[in-house]
Structure formats: structure tokens, C-alpha cells
Amino acid sequence: MAVKTVQELFIHELSDTYSAEKQMTRSLPKMARAAADEQLAQAFRDHLEETRTQVERIDQIVELTGLKLKRIKCAAMEGLVEEGNDLIDEIDKGPVLDVALIGAAQKVEHYEIASYTTLVLLATKLGLTEAVPLLEASLAEEKATDEKLGTLGQAASIEEAVES
């Protein structure tokens with residue numbers, strides 16, 4: 001079905017983001033297990049809980065607005081998850097993999113930041129006032145996670161990767 005209206009675009013984007021978040025609920029535990037740095041592993045576990053909350057928020061938006069999500073698979077997130085899995089398969093557990101995981105996770109966060117930014121804009125334009133704060137909460141979490149990952153990338157234990 002072709003998207004012809006802003007409301008249809010919002011539904012498509014919300015459906016795509018829902019798929020992306022669901023894919024991350026399956027990917028984050030694997031990333032946590034692959035991380036050698038305990039702070040990084042904990043960051044992935046913490047973000048898993050946030051991601052589950054973000055899925056619940058989308059469910060709330062659907063309930064509040066009466067909109068119906070489309071059954072689609074987010075191809076972009078599928079590719080990002082596959083890229084992360086390839087890193088896990090190709091790099092031995094340790095500081096180099098940790099740096100690679102941070103990079104892969106930041107790519108995901110940047111995609112999600114773009115998605116939630118678009119959703120906030122569309123919800124605002126459509127007058128979906130009950131959806132906006134829920135979307136903004138998820139957007140704020142994604143930005144905070146990206147910042148935390150950047151900080152972890154600067155951590156002393158990760159610097160071992162540069163020296164090895």
C-alpha cells in the first residue's frame with residue numbers, strides 16, 4: 001500500500017520503529033554477552049530495559065490514538081543488527097570487540113534518534129498531543145544512551161584496544 005497522507009506516513013514510521021525496537025530486544029542480550037567490559041555489558045542490559053519500555057510506549061500510542069500498526073519489518077535495523085552480529089562472529093571477545101560493539105550500538109542509536117525525531121514532528125503536525133510526550137521520552141533515552149556509549153568509548157579499559 002502506497003503512503004499518501006501524513007497520517008499514513010506516521011503509521012508507517014511508527015510501525016517501522018516498533019519493528020526496530022522489537023529487533024533490538026532480541027539483539028541487546030547478545031551484545032551484552034559479547035562485551036568483555038562489564039560497564040559496556042551493563043549498558044546494554046540497561047538499554048534493553050529502556051527498549052522494552054519504548055515498545056510499551058508505542059503500544060500506548062496505538063491504544064491512545066486508535067491507530068493500527070502495519071506488520072512490517074524494519075530493514076534498516078535488520079541490517080544494523082546483522083552488522084553487529086558479524087562483528088561478534090569475526091572479532092575475538094576483548095577490547096577490540098568492545099570498541100566495535102560501541103560503534104555498532106551508536107549506529108543503532110543514531111538511526112533511532114532520527115526515527116523518533118521524525119515521529120515527534122509528524123505527531124505534532126497531526127495534533128496527536130497524547131503521543132508527543134511518549135515519543136519525546138523515547139527520543140531522550142536514545143540520545144542519553146548514545147552519549148553514554150560515547151563516554152564508554154573513552155573509558156580506560158577500552159583504550160587497551162588501541163594499544164593491542
Excluding sequence neighbours, so at least two apart, what forms side chain to side chain donor-acceptor pair (under 3.5 Å) with E50? H47, T145
Take atom CD in E38; do more than 12 heavy atoms of anything else shown fall under 6.0 Å from it? yes
Could you tell me whether R57 and E63 have a side-chain N and a carboxylate O separated by less than 4.0 Å? no
Any chance CD of E147 has more than 12 other-residue heavy atoms, nucleotides or ligands included, within less than 6.0 Å? no
Drop me the distance from I61's CD1 to I11's CD1, to the nearest 0.5 angstrom. 12.0 Å
Are any non-hydrogen side-chain atoms of Q54 and M24 less than 4.5 angstrom apart? no
Is the CG atom of D92 crowded by more than 12 outside heavy atoms at less than 6.0 Å? no
Does E8 reach the main-chain N or O of T5 with its side chain, forming a donor-acceptor pair under 3.5 Å? yes
Around atom NZ of K93, are there more than 12 heavy atoms from other residues, nucleotides or ligands closer than 6.0 Å? yes
Please examine the side chains of I72 and Y18, heavy atoms only from C-beta on, and report whether any two atoms are closer than 4.5 Å. no
Single-linkage hydrophobic cluster L139~L64, side-chain heavy atoms < 4.5 angstrom: yes
Is it true that a side-chain atom of Q106 and a backbone atom of L149 form a donor plus acceptor pair closer than 3.5 Å? no
Tell me whether T117 contacts the main-chain N or O of I113 through its side chain, where contact means a donor paired with an acceptor under 3.5 Å. yes
Got a donor-acceptor contact below 3.5 angstrom from the S138 side chain to the L135 backbone? no
Flag, side chain of S19 to backbone of S15, donor-acceptor distance under 3.5 Å: no
Any donor-acceptor pair under 3.5 Å linking the side chain of Q23 with the backbone of E78? yes
If only atom types and distance count, is the side chain of D98 paired as donor or acceptor with the main-chain N or O of A36 below 3.5 Å? yes
